[in-house]
Amino acid sequence: MLVIRRRPGESVLLSGGIEIVVLESGPGGAKLGFVAPAEVAVLRKEVWLAGQFNRLAADSAQQGSLAGLLRSFRLGDGKPGPPL
Amino acid sequence: MTVEEIQEDGIYHFPEGIPAFEEQTRFRLLRDPALDPLLLLVSAEDEGLRFICVPAVLLERDYEFEIDETTARVLGVAPGTCRADGEELLCLAIIHAPESEPPCANLMAPVLIHGVNRVGLQAVQVASRWSCAHRIGPVEEQPC
């Protein structure tokens with residue numbers, strides 16, 4: 001990973017017309033500003049991860065049988081599974 | 001809000017959609033006794049788009065999540081730390097259940113639904129102690 005020390009008011013340029021500005025920094029975190037062309041997506045990583053998971057989850061909800069999944073919740077409670 | 005309070009014909013408004021499906025802003029929550037305790041979160045705009053969910057409290061009894069200012073405004077609740085078995089919100093985890101791998105649930109980004117306000121969102125947690133690939137288990141093959 002490339003590491004560059006920057007102070008508030010300073011920025012870093014990426015190719016493609018992207019600028020990342022350090023607006024504030026402190027013990028609670030850093031506040032960043034982004035200047036980028038409209039087609040460039042800027043996402044918090046955890047939101048991107050949630051989106052990746054959601055895509056996979058939507059695909060698997062289309063395909064799989066729920067039998068194995070249900071079994072993992074019903075072990076030991078004696079309930080019958082659904083007809084398949 | 002409990003699972004029993006889900007209204008089958010109700011549509012819940014997700015003003016921001018959910019990550020990767022931001023254009024989907026209306027969902028139904030379907031409960032089928034044969035699938036209990038699983039629930040289906042189905043897009044009201046694209047019936048083919050559905051998510052298998054489970055109440056987060058069934059995965060982790062002590063599950064908690066943070067409601068930040070933005071989330072609180074959307075849902076019409078107070079910000080702060082909430083328990084998954086709270087009265088106002090139904091807290092669901094989306095499940096990914098591929099054929100070839102054990103199923104897992106996303107406890108890092110719970111789906112929160114306010115039954116009275118009929119509004120929902122996926123509250124992506126920051127620096128969460130919970131995983132976005134929480135293993136559901138134990139999954140054991142039952143002898144035939």
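Quick note on labels: first sequence line is chain A, next is B, and so on, each numbered from 1. Heavy-atom basis, side chains included; hydrogens, waters and symmetry copies ignored. Keep in mind that this is a model prediction, so the values were computed, not measured.
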Side chain, backbone, both or neither: which part of A123(B) has a heavy atom under 4.5 Å from chain A?
-> neither
Do L30(B) and L58(B) belong to the same hydrophobic cluster, where Ile, Leu, Val, Met, Phe, Trp and Tyr are linked whenever their side-chain heavy atoms lie under 4.5 Å apart, directly or via other members?
-> yes
Part of V54(B) within contact of chain A (heavy atom distance under 4.5 Å) | side chain
Can you tell me if CD on E23(B) sees more than 12 non-hydrogen neighbours from other groups inside 6.0 Å?
-> yes
Chain B contact via L56(A) - side chain, backbone, both or neither, heavy atoms under 4.5 Å = both
Does F65(B) belong to the same Ile/Leu/Val/Met/Phe/Trp/Tyr cluster as L49(A), with side-chain heavy atoms less than 4.5 Å apart forming each link?
-> no
Rounded to the nearest 0.5 Å, the CZ atom of R50(B) sits from the OG atom of S60(A) at a distance of 12.0 Å
Flag side-chain contact, heavy atom, 4.5 Å: Q125(B) against E46(A) | no
Who pairs with F27(B) by ring pair (Phe, Tyr, Trp, His ring centres under 6.0 Å), at least two apart in sequence or on another chain?
-> F14(B)
Tightest non-hydrogen contact, residues F53(A) and C104(B), listed as CZ-O, 3.7 Å
Give, as side chain, backbone, both or neither, the part of L59(B) having an atom under 4.5 angstrom from any heavy atom of chain A.
-> side chain
If you count heavy-atom pairs under 4.5 Å with chain A, which of D32(B), L49(B), I95(B) comes out on top?
-> I95(B)
Do V124(B) and L41(B) share a hydrophobic cluster (ILVMFWY, side-chain heavy atoms under 4.5 Å, transitive)?
-> no
Please round to the nearest 0.5 Å and tell me the distance separating atom NE2 of H96(B) and atom CD of Q52(A).
-> 11.0 Å
ILVMFWY network linking M108(B) to L43(A), side-chain heavy atoms under 4.5 angstrom = yes
Supply the atom-to-atom distance L35(B) CG to L70(A) CG, rounded to the nearest 0.5 angstrom.
-> 6.0 Å
Do F51(B) and V47(A) belong to the same hydrophobic cluster, where Ile, Leu, Val, Met, Phe, Trp and Tyr are linked whenever their side-chain heavy atoms lie under 4.5 Å apart, directly or via other members?
-> no
Do N54(A) side-chain atoms and P19(B) backbone N/O form a donor-acceptor pair below 3.5 Å?
-> yes
Without placing hydrogens or testing angles, list every side-chain donor-acceptor pair under 3.5 Å for residues 9-29 of chain A, not counting sequence neighbours.
from: E10(A); atom 1: OE1; to: R6(A); atom 2: NE; distance (Å): 3.4
from: E10(A); atom 1: OE1; to: R6(A); atom 2: NH2; distance (Å): 3.4
from: E10(A); atom 1: OE1; to: R7(A); atom 2: N; distance (Å): 2.8
from: S11(A); atom 1: OG; to: E19(A); atom 2: OE2; distance (Å): 2.8

